[in-house]
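Step one of this worksheet: look at the structure below.
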Amino acid sequence: MEFPVQREMFTQPENNGWVRTLARFGFAAKGVVYVLIGALSLQAAFSGGGTAGGREAVGLLGEQPFGQALLFLVGIGLLGYALWREVLALKDPGHVGNDAKGTAERVGWAVSGVISAGLALTAFQLALGQDTGGDGARTWVGKVMEQPFGGVLVGAAGLAVIGVAVQQFRKAMKSRFAKDLSTQGMSPPERTWVFRMARVGLVSRGVVFSIIGAALIKAALAHDPGESKGVREALSTVADSPFGTALLVLVAAGLCAYGVYMFFCTKYSKLAHPAA
């Protein structure tokens, strides 16, 4: 199958090499986090422990030999990923435009950058021995609800997250991620595995984001931050559902696959338009 060639993000790489480096380092850091989230949640499925989100995954890194150095490296990578996302959102190097579809994509990239920056901050705090505090999603939801029209804003965020979930499903089902990858440089076995990892990973992310988005809408309607969920709570919801253990294994394995896909993206992603 042939895929259309898309313009690269930077026409003068010698002037933008630092951004390329940040983006690729960011893919690697994001891959580490997703593999750990998936692995910890697989462990929970088989041992009956608790599921994990980004904070738990980053915290596990700090418990390893040279943990402080690992935390700093992952924090720098996630911060680089966040900066790259903001470049995509603000500069529009991929030329997605300012129509409704293009604006939605750019807003999504900006939000993704903010989330990655928050996780990077957590990594830096843990590296410095500081208490990260708070309860993730519930903390920021509570702060937003304290503002004028806070419930409306949280509800809008929930709809946006569900929109992202739908986008993940569509990318997986229609292989839309392929146009953002340099597939010509892949060997046939690499291409097969990249596509498998991408499809499975995107579906798992879609499941998680659907739960998070629905929980945000529920929190907005009840005006109760306690109803909101982060990744860890979303995976717990999967575990508590009928056939929960089997479903958690599938979703957690998919998140591991997404992490592996991120590693492939360090080499094959066209940086003008993110592959996922």
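Computed from a prediction, not measured in an experiment: that's the story for all the values here.
- Not a single donor-acceptor pair under 3.5 Å links the side chain of Thr183 to the backbone N or O of Lys179.
- Considering CH2 of Trp84 and OG of Ser116, their distance stands at 10.0 Å, rounded to 0.5 Å.
- Rounding to the nearest 0.5 Å gives a distance of 7.5 Å between NZ of Lys270 and CG of Asp180.
- Side-chain contact check for Leu255 versus Val35: every heavy-atom pair is 4.5 Å or farther apart.
- The hydrophobic cluster analysis finds Val114 isolated: no Ile, Leu, Val, Met, Phe, Trp or Tyr side chain comes under 4.5 Å of it, directly or through other members.
- Pairs engaging residues 33-45 under the side-chain hydrogen bond (donor to acceptor under 3.5 Å, both in side chains) rule: Tyr34-Arg205 [sequence neighbours left out].
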Can you give each donor-acceptor pair under 3.5 Å made by side-chain atoms of residues 240-252, sequence neighbours left out, with the distance rounded to 0.1 Å?
| residue | atom | partner | partner atom | Å |
| --- | --- | --- | --- | --- |
| Ser241 | OG | Val238 | O | 2.5 |

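- Across every non-hydrogen atom of Ala117 and Ala82, the tightest pair is N-CB, 3.7 Å.
- Distance check: Leu78 CG to Phe25 CZ gives 9.0 Å after rounding to the nearest 0.5 Å.
- Taking the side chain to side chain contact (heavy atoms under 4.5 Å, CB included) definition, one finds that Ala165 meets it with Phe209, Ser210, sequence neighbours left out.
- Under the rule for a side chain to side chain contact (heavy atoms under 4.5 Å, CB included), the partners of Leu60 that lie at least two apart in sequence or sit in another chain are Leu36, Leu40, Glu63, Gln64.
- The structure places CG of Leu216 at 12.0 Å from CD1 of Ile211, a figure rounded to the nearest 0.5 Å.
- Both the sub-6.0 Å distance and the 45° axial angle are not jointly satisfied by Arg199 relative to the ring of Phe195.
- By the side-chain hydrogen bond (donor to acceptor under 3.5 Å, both in side chains) test, Thr51 is found to be paired with Ser236, residues two or more places apart in sequence or in another chain being considered.
- Proximity of the aromatic rings of Trp193 and Tyr261 is defined here by a centroid distance below 6.0 angstrom, and this criterion is not met.
- Taking hydrophobic clusters as Ile, Leu, Val, Met, Phe, Trp and Tyr residues chained together by side-chain heavy-atom distances below 4.5 Å, Ile217 does not share a cluster with Val207.
- By the side chain to side chain contact (heavy atoms under 4.5 Å, CB included) test, Phe124 is found to be paired with Phe72, Ile76, Leu79, Ala120, residues two or more places apart in sequence or in another chain being considered.
- Shown here for Thr266 and Ala28, the closest heavy-atom pair between the two residues is CG2-N, 3.6 Å.
- Interatomic distance, Phe169 CZ to Leu202 CG, rounded to the nearest 0.5 Å: 10.0 Å.
- Counting only residues at least two apart or on different chains, the salt bridge (charged side-chain N to carboxylate O under 4.0 Å, His left out) pairs with a member in residues 215-224 are Lys218-Glu227.
- No donor-acceptor pair under 3.5 Å is formed between the side chain of Ser175 and the backbone N or O of Lys171.
- In terms of heavy-atom proximity, Arg85 sits nearest to Lys30 at NH2-NZ, 4.0 Å.
- Tracing side-chain contacts under 4.5 Å through hydrophobic residues (I, L, V, M, F, W, Y), one reaches Val260 starting from Tyr258; they form part of the same cluster.
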### Query
Do Phe27 and Phe263 pass the side chain to side chain contact (heavy atoms under 4.5 Å, CB included) test, and can you show the C-alpha distance, the side-chain angles, and the key distance before you say yes or no?
CA-CA 6 Å; Phe27 276 129; Phe263 291 126; over 6 Å; no

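- Applying the side-chain hydrogen bond (donor to acceptor under 3.5 Å, both in side chains) test to every pair with at least one member in residues 145-155, sequence neighbours left out, gives no pairs at all.
- Note that the CD1 atom of Ile37 and the CG atom of Leu235 stand 8.0 Å from one another [nearest 0.5 Å].
- With sequence neighbours left out, the salt bridge (charged side-chain N to carboxylate O under 4.0 Å, His left out) criterion links Glu56 to Arg232.
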#### Entry: Stepwise side chain to side chain contact (heavy atoms under 4.5 Å, CB included) check, Val203 with Met173
CA-CA 8 Å; Val203 168; Met173 297 299 102; 3.7 Å; yes

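- Ala257 pairs by the side chain to side chain contact (heavy atoms under 4.5 Å, CB included) definition with Met197, Val200, not counting sequence neighbours.
- Between Ser228 and Ala219 the shortest heavy-atom distance is N-CB, 3.9 Å.
- When all heavy atoms are compared, the tightest approach of Tyr268 to Glu190 is OH-OE1, 2.7 Å.
- In plain terms, the two heavy atoms of Lys229 and Ala234 that are nearest each other are CB-N, 4.2 Å.
- Linking ILVMFWY side-chain heavy atoms closer than 4.5 Å, directly or via other members, places Val208 and Phe177 in a single hydrophobic cluster.
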### Derivation and outcome, side chain to side chain contact (heavy atoms under 4.5 Å, CB included), residues Leu181 and Met186
CA-CA 10 Å; Leu181 298 171; Met186 299 177 186; 4.1 Å; yes

